[in-house]
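Before any comments, here is the structure.
As the structure is a prediction and not an experimental result, all values here were calculated from the model.
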Amino acid sequence: MSARLRILPCLLISSLWCFIVCGAAAIALDVPPLTGRIVDAGHLLPPDVSASLTAELEAHEARTGNQVVLLTLPSLEGQPLEEFSHRVATTWKLGRKGTDNGVLLLVVPGDRKIRIEVGYGLEGVLTDAVTSRIIRHEIVPRFKAGDFPGGITAGLHAILGTIEGRYQPTERQSPAGAPSSDSLPSMFLIAVVVGALVGVILGGHRLGLGVAGGGALSFLMALSTGLLLALLASVAAVIGILALSAIFRGRHSPGGGFAGGWSEGGFGGGFSGGGSFSGGGGDFGGGGASGDW
């Protein structure tokens, strides 16, 4: 009798654990059926935009063999974004088996979530950094403005353009007269080089400035408000130094000078004999990026 009493709690605990596990599995969000290259369960696209994008995705697959699919959902119902996105991509088997050249763009307006899931074969082109940039620069700004069709279209165009090697990222505009972050290294390099030349020339003619003068000029040029200003300052500085050099050469003996000197292949998926769209057996390893707005 006592032995049975000791076993009873163990059975109750095991039963409760099974109930919890089975219940959690039962409430997991189901993967929707793959009915086409665009599965707009979130109802974000007008029919004409959906038809146009479907034609573009189909043409891209015909050219490259890569399979890109869009899924929109109203909500994830508490499911983790990355986990669900990977489950959708692997369930649908986007891309070609052995080539693994599938891509999934997942948009969930109810949770304000975006995910680009990339198959193994395209991870070298659609890197995590590139997909993150597409989300942040192409999709999110349009979603914030309430333009879901525009954001989805821009995102898909950027994905296709990246794969085909023709995508030019949208650059953020700098304030008028201010240098962009990409131009700052070039400006600084120009300033340092010209400053060094000035230091050499001034030092060679014993004007009492030498390296200090060149360093000061480098600092002032590095603070310039634009690449054009830096270039103009550089030209003016060189002309001025050359003029001074000519004057001093006429009065003194020479004292120095300048020193130194995709993946191609068959279709990743396609249309089955019954006319329904299907994946081609591709696999995914978690590459891609996520975002929100």
Quick one: list whatever passes side-chain contact (heavy atoms from CB on, under 4.5 Å) with Ser52, sequence neighbours left out. Glu56
Of the options His157, Glu138, Arg133, which is the one that meets Tyr167 in a side chain to side chain donor-acceptor pair (under 3.5 Å)? Glu138
Check: Thr64/Asn66 side-chain N/O donor and acceptor closer than 3.5 Å: yes
Apply side chain to side chain donor-acceptor pair (under 3.5 Å) to Thr131 and list each qualifying residue two or more places apart in sequence or on a separate chain. none
Test ring pair (Phe, Tyr, Trp, His ring centres under 6.0 Å) applied to Phe143 - qualifying residues, sequence neighbours left out: Phe148, Trp293
Determine, stepwise, if the pair Glu58 / Phe277 fulfils side-chain contact (heavy atoms from CB on, under 4.5 Å). CA-CA 11 Å; Glu58 183 177 359; Phe277 182 72; over 6 Å; no
Stepwise side-chain contact (heavy atoms from CB on, under 4.5 Å) check, Val68 with Leu160: CA-CA 8 Å; Val68 181; Leu160 301 183; 3.7 Å; yes
Would Asp111 and Leu73 satisfy side-chain contact (heavy atoms from CB on, under 4.5 Å), going step by step from the backbone distance to the final call? CA-CA 9 Å; Asp111 299 326; Leu73 288 176; over 6 Å; no
For Pro141, all residues meeting side-chain contact (heavy atoms from CB on, under 4.5 Å), sequence neighbours excluded: none
Who pairs with Thr72 by side-chain contact (heavy atoms from CB on, under 4.5 Å), at least two apart in sequence or on another chain? Asp40, Leu44, Leu70, Val107, Ile152
Have a look at Leu104 and tell me which of Leu94, Ile116, Val39, Thr90 forms a side-chain contact (heavy atoms from CB on, under 4.5 Å) with it. Leu94
Under the salt bridge (charged side-chain N to carboxylate O under 4.0 Å, His left out) rule, collect the residues that match up with Asp292, sequence neighbours excluded. Lys113
To the nearest 0.5 Å, how far apart are OG in Ser290 and CD1 in Ile135? 6.0 Å
Got a salt bridge between Arg87 and Glu83, using NZ or NE/NH1/NH2 to carboxylate O under 4.0 Å? no
What residues, two or more places apart in sequence or in another chain, satisfy side-chain contact (heavy atoms from CB on, under 4.5 Å) together with Tyr120? Asp100, Glu123, Asp283
